[in-house]
Amino acid sequence: MSTDSTIPPTAPTNFIHEIIDGHNASGRFGGKVHTRFPPEPNGYLHIGHAKSICLNFGIAKKYGGKCNLRFDDTNPTKEDIEYVNSIQEDVRWLGFEWDGLYYASDYFEQLYQWAELLIEKGKAYVDSSTLDEIREQRGTVTQAGVENQYRSRSVEENLDLFRRMRAGEFPDGAHVLRAKIDMGHANMLLRDPVIYRIRHAHHHRTGDAWCLYPMYDFAHGYSDSIEGITHSICTLEFEIHRPLYDWLIDAVEIYHPQQIEFARLNLTYTVMSKRKLLELVEAKIVDGWDDPRMPTIAGIRRRGYTPAAMRDFCETIGVTRFNGLTDLVVLENAVRNDLNKSAPRVMGVLKPLKIVLTNYPEGQVEEFDCVNNPEDPSAGSRKVPFSRELYIERDDFMEDPPKQFFRLAPGREVRLRWAYVIKCEEAVKDPATGEIVELRCTYDPETKGGNTPDGRKIKSTIHWVSAPHALSTEVRLYSPLFSVEDLASIPESEDWKTYLSPTSLVVIPDAKLEPSVKTQSVGYRCQFERLGYFCLDRDSTGEKLVFNRTVTLKDEWAKIQKKGG
RNA sequence: UGCCUGAUGGUGUAAUGGUAGCACGAGUGACUCUGGAUCACUUGGUCGAGGUUCGAACCCUCGUCGGGCAACCA
């Protein structure tokens, strides 16, 4: 069940809801709805998992049913308790709470008993071939596999061998247990799939109790059956596995859940494979699983995304059987929507350009009342100090501006947000480089608070920070990790990592922020006015704050520039 | 060349035999102390060919194109 109450009961429906409605109408499961989210604890959850989590827990909520969290931990060599913990944290962060918390490893004994039952029924056998032999005998997509001599072992011999496998008498790879189905089947997964292998490995939960571990295909369907799952929802690539789960369940004559497949999420400029994400982490291309550029739940959380935005995104993209490619801007739009309403505004200058108000008294300091969130009157206001020397954004000044630029330029007026209207009198240049190092401006005392009593229109309002009061902070600007839109379009022969974008992280070591943010704590989200939404990173220290840019604001001017250029 | 499966504006999704709608994007304008937000308008689609029907995105047939499947991974 979800702990969240923001999903409206009239939420748009999808084809899975329709199937469930059908089951409820026919009484197939007696009106019961029980789903589960079944990750393998071999990596951190990503946005694609979020889609599955919202789907499964959302269904439980919609139908007044239940949803389990089950770890499919059948491969001890790849799994770790760190992942078990992170997965639970991520599911909760998304706003969901599971009804049952289970592990496939809870079922190892039962699973083993069913394997023996399969042997007794003549439906499984111990194969002593090598890995390569098994592979070779399996055939190809267009060519039937061949049966080997082990396939006809007696029930007694199979049982004896299998029990000795469990007892630890054989080294890894000496034997496997295979389901006896059909070596000529058109669906290659039914060509006597391996269901148990010997692994003398320590399991994060069962320790050294086992040296024999079930394959995922063997454990998964049975686990769903044990838990009384009604709708086993999974991604499209498991569709072809369904006949195998059906065969396995029918072979031991137990309760039969209904598997339903949907298309996994693909995002532009994003890799969504745990294997590849692991590679990025291990190669230290990113700063761990929660690097804000990672599409992991931990990464986007650190980046500043909100659970509500994630849920909204999952709602927006829908659930179908079509394998598409969702534009990253849809995700970005979801956070902007949420943060626009909730994030307090603050002023910060990323690329500072110093200005001096020549007619403003030296040493004078005023405090201006600044609205915290124009979208939310209840957010109130705060005091921000103002003085003779200020920083403005370098991009807000142009010496020789094009027609469409209406910010500051020599001889031009601009409003400093919540403060005064100022006029640029002179641009001071470094004589050596020609670079503009400072602006000499005058302010209009009549415009205190940013108002124009004479009614004149000021075309542009820009943000600023008082130089002597400025808080020097580090700001990390993120853009997509990859430079190609569709990662799937990279041919197998090429290394996908060559498409990593060199500018996915740009660090600004010395941005200038208004002093009010000084006392905020890690995870604090705000809007730097006119720039974007930012989130206080855990790398912050008492001396230096670090902000992550969650997402930029929409930028009409950038669009104009792009068109012009 | 086998099996499974899918196809609706640029992208993602609704419409389940009866007016092709929504979101994002794009464009235009209004408003604005954020070139933000908001509001209005516009653009643009049923993969193709047949068939059934008064009527087809939807049902049938044949194509075309896409995705998945040959770990002792999940």
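Chain identifiers are assigned alphabetically (A, B, ...) following the order of the sequence lines, protein sequences preceding nucleic acid strands; residue numbering begins at 1 within each chain.
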What distance, rounded to whole Å, do you find between the two [atom1] atoms, one in [N] and one in [M]?
N: B:U52; M: B:A26; atom1: C1'; result: 40 Å
N: B:U19; M: B:C4; atom1: P; result: 35 Å
N: B:G12; M: B:G44; atom1: C1'; result: 15 Å

Would you mind checking if [Y] and [X] are paired as a salt bridge, meaning a charged N to carboxylate O distance below 4.0 Å?
X: A:Arg456; Y: A:Glu413; value: yes
X: A:Arg153; Y: A:Asp127; value: no
X: A:Arg36; Y: A:Glu227; value: no

All N/O contacts under 3.5 Å from nucleotides 25-28 of chain B to the protein, with atom names and distances to one decimal?
{"residue": "B:G25", "atom": "OP1", "partner": "A:Lys554", "partner atom": "NZ", "Å": "3.1"}
{"residue": "B:G27", "atom": "OP1", "partner": "A:Lys563", "partner atom": "NZ", "Å": "3.3"}

[N] [atom2] sits how many Å from [X] [atom1], rounded?
X: A:Ile16; N: B:U16; atom1: CD1; atom2: C1'; result: 17 Å
X: A:Asp312; N: B:C22; atom1: CG; atom2: P; result: 18 Å
X: A:Glu375; N: B:C39; atom1: CD; atom2: P; result: 10 Å
X: A:Leu236; N: B:G66; atom1: CG; atom2: P; result: 17 Å

Using a cut-off of under 3.5 Å, enumerate the N/O to N/O pairs linking the protein to nucleotides 11-14 of chain B.
{"residue": "B:U11", "atom": "O3'", "partner": "A:Leu325", "partner atom": "O", "Å": "3.3"}
{"residue": "B:U11", "atom": "O2'", "partner": "A:Leu325", "partner atom": "O", "Å": "3.2"}
{"residue": "B:G12", "atom": "OP1", "partner": "A:Leu325", "partner atom": "N", "Å": "3.2"}
{"residue": "B:G12", "atom": "O2'", "partner": "A:Ile317", "partner atom": "O", "Å": "3.0"}
{"residue": "B:U13", "atom": "OP1", "partner": "A:Thr320", "partner atom": "OG1", "Å": "2.8"}

- [ ] Ignoring hydrogens and angles, tell me if any N or O in the side chain of A:Glu375 forms a donor-acceptor pair with the backbone of A:Asn340 under 3.5 Å.
- [x] no
Task: Check: A:Ala379 main-chain N/O paired with A:Asn372 side-chain donor or acceptor under 3.5 Å - done: yes
Nucleotide of [options] approaching [X] most closely (side-chain heavy atoms):
X: A:Arg345; options: B:C72, B:C69, B:G36; answer: B:G36
X: A:Ala186; options: B:C3, B:A70, B:A74; answer: B:C3
X: A:Val176; options: B:C72, B:A74, B:G35; answer: B:C72

Open item on the list: With hydrogens left out and only the distance checked, is there a donor-acceptor pair under 3.5 Å joining A:Glu239's side chain and the base of B:G6?
Closed with: no
Open item on the list: Can you say whether a donor on the side chain of A:Gln527 sits under 3.5 Å from an acceptor on the base of B:U34, or the other way round?
Closed with: yes
Task: Partner set under ring pair (Phe, Tyr, Trp, His ring centres under 6.0 Å) for A:Phe528, not counting sequence neighbours - done: A:Phe534, A:Phe547
Task: Any strand: nucleotide that pairs with B:G17 via Watson-Crick or wobble, under 3.5 Å - done: none
